[in-house]
Amino acid sequence: MSPIPRPAREAVVEEPHEAVEARNSFVSLFARGIERMAEVQKRTLDLAVQQNAEMVEMYKKLGQKMPGGPRLPLLDLTTTMFERYADTQKNAIDLGVEQSRAWTEAVKERASLADKATETAVNLTHQAVERTVAAQKKVLETTAAQTKATLEATRQQMGFTGAPADAAVNSFHRGVDTLVEAQKEMLDLVAR
């Protein structure tokens, strides 16, 4: 007579210490990379705000020498709008960093379920990054459109016509477009 077979128990497979350590090192490196990228983006925004303020000051000086100079509050409005946009972008960047921190903590806590958890987390992170990038691109596009509309309104209300004024307004608009495109390219790099 053969012995009664025992019910099979699920084997709990623990990962070797080296694998857990390697995973945690990778996750920490990933988190530091996200934080560094966020700092670069925030510095870029600070530089753009500074550049915008300098351009507005130049336009104010130029406007004082041209007819319609007293109607310069629109330039201050443009500055305020650009600063608010930069603050909004910084908040979105901070949100992305917080999301990545939460993700890294979740991955570290669940190291024993690494394969499934990592795959799920990577997919969720990828989706979150894609959504964040799409939202930031939309904000960039909206800001570019608002800036263009503000510039056009300023040009018409102040009677800016002629080569110097048109060149200055067009230069500012190209600068904003360049900044927007640079930010979009940086977002595309982050999304990869």
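Basis for what follows: all heavy atoms, side chains included, without hydrogens, waters or symmetry-related copies.
Summarising the geometry, atom NZ belonging to K90 is positioned 10.5 Å from atom OG1 belonging to T44; distances are rounded to the nearest 0.5 Å. Taken to the nearest 0.5 Å, the CD atom of E54 stands 11.5 Å off from the OG1 atom of T79. In this structure, CD on E83 lies 12.0 Å from CG on L45, to the nearest 0.5 angstrom. Annotation: the span from R131 atom CZ to H126 atom NE2 amounts to 10.5 Å, rounded to 0.5 Å. Summarising the geometry, atom CE belonging to M37 is positioned 13.0 Å from atom CD belonging to E35; distances are rounded to the nearest 0.5 Å. Here the straight-line distance linking atom CD1 of I34 with atom OG1 of T125 works out to 8.5 Å at 0.5 Å rounding.
In terms of the side chain to side chain contact (heavy atoms under 4.5 Å, CB included) criterion, residue partners of A31 (sequence neighbours excluded) are, by chain and number, T104. For the side chain to side chain donor-acceptor pair (under 3.5 Å) test, no residue two or more places apart in sequence or in another chain qualifies with Q99. Partners of F30 according to the ring-ring contact (aromatic ring centres under 6.0 Å, His included) rule, which considers only residues two or more places apart in sequence or in another chain, are W103.
Using a 4.0 Å cut-off between a side-chain N of Lys or Arg and a carboxylate O of Asp or Glu, E98 and R101 qualify as a salt bridge.
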Legend entry - Trace of the side chain to side chain contact (heavy atoms under 4.5 Å, CB included) decision for Q50 with D46: CA-CA 6 Å; Q50 181 181 356; D46 288 339; over 6 Å; no
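Between V49 and A86, the shortest heavy-atom contact is CG2-CB, 3.4 Å.
For the pair Y85 and T142, the minimum side-chain heavy-atom distance is 4.5 Å or more. Using a 4.5 Å heavy-atom cutoff, the side chains of M81 and Q146 are in contact. A heavy-atom distance below 4.5 Å is not found between the side chains of L95 and T132. Looking at K42 and D94, their side chains come closer than 4.5 Å, going by heavy atoms from C-beta outward.
Within a 6.0 Å sphere centred on CZ of R84, heavy atoms belonging to other residues, nucleotides or ligands number 12 at most.
Residues V40 and L29 do not share a hydrophobic cluster, clusters being chains of Ile/Leu/Val/Met/Phe/Trp/Tyr side chains in contact below 4.5 Å. Note on V97 and F26: same hydrophobic cluster, where clusters join Ile, Leu, Val, Met, Phe, Trp and Tyr whose side-chain heavy atoms are under 4.5 Å apart, directly or indirectly.
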